[in-house]
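If you're wondering where the values come from, they're calculated on a predicted model, not measured in any experiment. Below, all heavy atoms of this structure are taken into account, side chains as well, without hydrogens, waters or symmetry copies.
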Protein chains: 2
Amino acid sequence: MANKKKTTIKDIANVLNISAAAVSKALHNNPRISDKTKKAVLQVAQNLNYQPNHLASALRSGKSKLVGVIVPKTNSNFFSATIHNIEEVLNEKGYNIIITQSNESYKKECANIDALLFTQVDGIIASMANETIDLSHFQKIKDAGIPLITFDRGENDLNVDYIGIDDYESSHKIVNHLVAQDCKRIAHIGGFKRTRIYNNRIKGYIDALKKHNLPLDNELLIESSLTIEDGREKMQQLLNLTKKPDAVYVAGDYAALGALQVLKEQNIKIPEEIALVGFGDEPFSKMVTPPITSVNQHSYKIGRMAANTFLKYAEKDTFKQSLHKQILESALIIRESSNKKPH
Amino acid sequence: MANKKKTTIKDIANVLNISAAAVSKALHNNPRISDKTKKAVLQVAQNLNYQPNHLASALRSGKSKLVGVIVPKTNSNFFSATIHNIEEVLNEKGYNIIITQSNESYKKECANIDALLFTQVDGIIASMANETIDLSHFQKIKDAGIPLITFDRGENDLNVDYIGIDDYESSHKIVNHLVAQDCKRIAHIGGFKRTRIYNNRIKGYIDALKKHNLPLDNELLIESSLTIEDGREKMQQLLNLTKKPDAVYVAGDYAALGALQVLKEQNIKIPEEIALVGFGDEPFSKMVTPPITSVNQHSYKIGRMAANTFLKYAEKDTFKQSLHKQILESALIIRESSNKKPH
DNA sequence: TACATTTGTTTAAACGTTTAAGCAAAGATA
DNA sequence: TATCTTTGCTTAAACGTTTAAACAAATGTA
């Protein structure tokens with residue numbers, strides 16, 4: 001049955017013949033309330049199954065104790081794990097999080113921000129959609145006077161905190177590894193250039209090739225949406241070249257899986273004929289045949305750092321954000337797909 | 001810069017020299033307000049960048065326009081897609097959703113419920129954690145007088161709405177298919193028996209075997225957590241049997257992937273020596289080698305139905321829930337891993 | 001004893017909105 | 001003309017909390 005009347009602070013006050021204010025203070029363990037009263041209040045609260053009305057306290061205090069999280073997709077291991085860690089840190093401090101997904105859509109991202117601001121969140125932790133170029137919707141968050149923390153996919157122009165790995169350096173690690181495997185024609189199926197992290201990976205790839213005096217061939221550098229399907233398509237495109245690559249570095253594990261699939265269908269030996277490297281270290285990467293070399297992005301640390309960065313601002317009653325990057329070193333996990341000489 | 005003062009309904013009223021009540025009504029397009037006033041209010045609201053304070057209106061109206069969603073994990077395609085569809089339906093009706101994940105933990109699920117009730121959500125759409133046996137925390141939701149809609153993982157004892165596929169029947173479809181492939185010793189790596197859906201799959205498996213007069217061998221029926229790792233382990237356990245199975249039906253695609261891995265490592269021909277079937281139709285299932293036969297759970301429809309069921313209650317000011325199941329027929333997607341005779 | 005301080009509470013206003021009730025002015029009815 | 005209805009607004013209370021200010025009683029101080 002629905003619509004029971006909820007117990008309020010006043011009900012408790014009536015039972016004990018004290019004021020609502022006293023009850024509120026007792027519940028907040030105010031030192032000016034006697035232990036006797038506190039005990040009585042707690043007891044009655046329990047008996048009446050009192051549940052504080054968050055809306056009322058949030059309205060009065062101006063703090064909702066809610067933090068919004070915006071991610072492109074929840075069904076990636078990286079984002080799922082990051083969210084989990086954000087939650088763990090924030091729950092401990094009495095915050096709850098509202099997760100929203102943009103599905104890589106700019107429009108959805110705008111809607112998400114509106115919804116979160118509408119809910120009066122105390123801050124937002126976000127990773128941007130692929131589609132996003134214009135940043136004015138993020139400006140709304142800053143205008144609302146609440147902290148905005150970005151991670152993985154951020155933009156310098158926002159002038160806020162950012163937590164992520166060094167994508168440029170990660171590309172170097174990958175190319176270095178492939179060169180050490182005697183690869184000479186290394187292709188890159190990258191993400192969209194307009195997304196900063198993918199652009200950095202591309203830059204890192206290009207610069208690393210230069211460093212090793214490898215020719216930079218335009219047909220070896222392809223932009224992709226990084227879905228499984230697109231990974232297949234772009235791999236096929238590479239195989240259609242007259243001068244095929246001997247290594248392919250894919251900027252995402254899902255697309256790498258698609259690429260792997262195509263290679264196997266065509267009986268191309270991995271890593272002997274073509275070595276394959278992914279990015280993101282999804283759980284399936286170590287489970288497919290052959291296991292795919294990938295880059296671990298420390299979702300654990302990133303989530304915790306993002307949450308702690310928010311908390312830093314939340315404690316202050318006034319603050320000013322500026323571009324402040326916290327960059328973690330990524331870890332290249334070498335597996336069979338690129339390892340020609342196992343120990 | 002932080003902490004700008006926000007524009008309220010009163011600020012608008014002051015500018016126009018009318019009452020706050022008139023502004024509120026104008027914003028809600030109340031027929032008793034003149035068009036002239038409405039236009040003026042809208043104009044001023046825009047100029048002052050007025051954003052309604054959701055907390056205040058929610059407090060006053062008793063409706064937060066927020067719906068809580070609880071899932072075991074967001075990084076599964078099924079749940080991610082379901083959430084997306086729930087969101088789509090609810091957003092259209094002015095609701096926002098708060099996603100929380102239990103990570104299959106009973107404790108976390110309790111915490112999630114507390115957090116959602118604390119946030120004064122207008123209803124909760126939930127799929128239960130594997131660990132959950134005791135249901136008293138869900139009782140809290142009913143006690144709060146808000147609708148509870150369960151999907152995929154529910155329990156009859158809760159006496160609320162449930163939306164899901166027919167797990168029992170799905171097992172029949174799988175066994176029927178495997179029998180048609182001439183399989184005689186069909187194993188089942190199932191989920192935890194205490195979880196209703198997995199129990200139903202197990203029951204369906206057993207009854208289907210009986211129907212086909214196949215022997216029910218206890219060592220062929222294994223309980224698993226259905227992670228990739230556990231899938232590996234349980235597959236190995238089956239391979240260690242003196243009388244190996246000639247088909248394995250795994251109750252989840254992640255575990256099926258682990259099983260596939262082990263089979264391939266040991267050069268067992270799929271599907272000739274052992275046929276493999278998964279459950280859930282994760283995106284990777286059609287991409288691995290060989291592609292895994294699986295069951296599609298209609299996440300699209302389930303999400304929309306769950307959302308619409310909630311809306312049905314939300315519109316009423318009083319309601320009574322009871323066990324009401326909406327069961328969808330699942331779809332068996334036959335792929336190479338179990339298809340001995342392609343067309 | 002007289003005054004100051006501490007303790008434990010109450011009163012009342014506030015947070016920003018919604019809404020029932022009231023009311024004056026304008027328009028309709030007869 | 002007198003009365004009824006409609007229109008367009010205002011007033012004031014309410015939602016459930018928090019909190020500054022006030023205050024009485026108890027305790028401490030000299």
Side-chain angles (χ1 to χ4, degrees), chain A residues 3-42 44-45 48-66 94 117-120 122 144-145 317, chain B residues 3-42 44-45 48-66 94 117-120 122 144-145 317:
Chain A
N3 302 351
K4 304 197 182 190
K5 247 196 266 104
K6 294 195 188 127
T7 307
T8 73
I9 227 167
K10 277 189 183 174
D11 299 326
I12 301 178
N14 286 339
V15 170
L16 294 170
N17 253 317
I18 56 175
S19 71
V23 174
S24 172
K25 286 177 186 163
L27 291 171
H28 287 85
N29 205 21
N30 185 308
R32 293 287 283 274
I33 298 291
S34 70
D35 287 352
K36 199 182 111 196
T37 306
K38 280 179 189 168
K39 275 212 182 100
V41 166
L42 252 33
V44 175
L48 299 184
N49 186 28
Y50 168 72
Q51 301 293 130
N53 185 320
H54 163 251
L55 295 172
S57 63
L59 173 60
R60 175 61 226 243
S61 67
K63 296 283 161 209
S64 69
K65 285 285 182 173
L66 247 33
L117 291 178
F118 174 74
T119 317
Q120 311 284 125
D122 289 344
D317 48 349
Chain B
N3 302 350
K4 304 196 180 191
K5 248 198 269 90
K6 294 199 186 121
T7 307
T8 74
I9 227 168
K10 278 190 182 174
D11 298 326
I12 302 178
N14 286 339
V15 170
L16 295 170
N17 252 318
I18 57 175
S19 70
V23 174
S24 172
K25 287 177 185 163
L27 290 171
H28 287 84
N29 205 22
N30 186 308
R32 292 289 282 276
I33 298 292
S34 70
D35 287 353
K36 200 181 110 196
T37 306
K38 281 180 190 168
K39 277 214 180 95
V41 166
L42 252 32
V44 175
L48 299 184
N49 187 30
Y50 168 71
Q51 301 293 130
N53 185 320
H54 164 251
L55 295 172
S57 62
L59 173 61
R60 175 60 228 241
S61 66
K63 296 282 162 208
S64 69
K65 286 284 182 175
L66 247 32
L117 292 179
F118 174 74
T119 316
Q120 310 285 127
D122 289 345
D317 48 350

Starting at NZ of B:Lys10 and ending at C1' of C:dT18, how long is that distance when rounded to a whole Å? 13 Å
Shortest non-hydrogen contact from A:Tyr50 toward A:Leu27: CE2-CD1, 3.6 Å
CG of B:Leu66 to CG of A:Leu66, rounded to nearest 0.5 Å, is 7.5 Å
Minimum heavy-atom separation for A:Ala13 and A:Ala20, please, with both atom names. CB-N, 3.7 Å
Taking the axis from the first five pairs and the axis from the last five, what angle separates them in the helix from C:dT1-D:dA30 to C:dA30-D:dT1, rounded to 10 degrees? 40°
Within the sub-3.5 Å range, which N or O atoms of nucleotides 9-11 of chain C have a protein N or O partner, and how far apart are they?
| residue | atom | partner | partner atom | Å |
| --- | --- | --- | --- | --- |
| C:dT9 | OP1 | A:Thr37 | OG1 | 2.7 |
| C:dT9 | OP2 | A:Ser34 | N | 3.0 |
| C:dT9 | OP2 | A:Ser34 | OG | 3.2 |
| C:dT9 | OP2 | A:Thr37 | OG1 | 3.2 |
| C:dT10 | OP1 | A:Ser19 | N | 3.3 |
| C:dT10 | OP2 | A:Ser19 | N | 2.8 |
| C:dT10 | OP2 | A:Ser19 | OG | 2.6 |
| C:dT10 | O4 | A:Lys25 | NZ | 2.7 |

Would you confirm whether B:Asn14, through its side chain, and B:Asp11, through its main-chain N or O, come within 3.5 Å as a donor-acceptor pair? no
Mapping B:Ala56 and B:Asp35 to their closest nucleotides on DNA chain D, which lands nearer the 5' end? B:Asp35
Under 3.5 Å, which protein N or O atoms sit close to an N or O of nucleotides 4-6 of chain D? Give each pair with its distance.
none

Could you pull out all residues at least two apart from B:Ala40 that satisfy side-chain contact (heavy atoms from CB on, under 4.5 Å)? B:Leu16
Over how many whole Å does the gap from A:Lys36 atom NZ to C:dG8 atom P extend? 11 Å
Partners of A:Val15 by side-chain contact (heavy atoms from CB on, under 4.5 Å), sequence neighbours excluded? A:Val44, A:Leu48
B:Asn14 has an atom CG; how far is it from atom P of C:dT17, in whole Å? 12 Å
Can you list the residues that meet the side-chain contact (heavy atoms from CB on, under 4.5 Å) rule with A:Lys25, with sequence neighbours excluded? A:Asn30, A:Ile33
Qualifying residues under side-chain hydrogen bond (donor to acceptor under 3.5 Å, both in side chains), relative to B:Asp122, sequence neighbours excluded: B:Ser64
If only side-chain N and O atoms of B:Ser61 are considered, is one of them under 4.0 Å from the OP1 or OP2 phosphate oxygen of C:dT18? no
Interatomic distance, B:Leu42 atom CG to B:Ile12 atom CD1 [nearest 0.5 angstrom]: 9.0 Å
Base, sugar-phosphate, or nothing for B:Ser57, non-hydrogen atoms under 4.0 angstrom? sugar-phosphate
With sequence neighbours excluded, what pairs up with B:Phe118 under the ring-ring contact (aromatic ring centres under 6.0 Å, His included) test? A:His54
Who passes side-chain hydrogen bond (donor to acceptor under 3.5 Å, both in side chains) against A:Asn29, sequence neighbours left out? A:Lys38
Return the value, rounded to whole Å, for the distance between atom CD1 of A:Ile9 and atom P of D:dC15. 14 Å
Nucleotide C:dC15, atom P - distance to NZ of B:Lys6 in whole Å: 14 Å
Using whole Å, report how far CG of B:Leu55 lies from P of C:dT17. 10 Å
Whole angstrom value for the distance that separates P of D:dT7 from NZ of B:Lys38: 12 Å
If the condition is side-chain contact (heavy atoms from CB on, under 4.5 Å), which residues does A:Ser34 pass it with, not counting sequence neighbours? A:Lys36, A:Thr37
Report yes if a side-chain nitrogen or oxygen of A:His28 is closer than 4.0 Å to either non-bridging phosphate oxygen (OP1 or OP2) of D:dT18; otherwise report no. yes
Could you state the atom-to-atom distance from CD1 of B:Ile12 to P of D:dC9 in whole Å? 15 Å
Given the structure, check if the side chain of B:Arg60 and the base of C:dT17 hold any donor-acceptor pair shorter than 3.5 Å. no
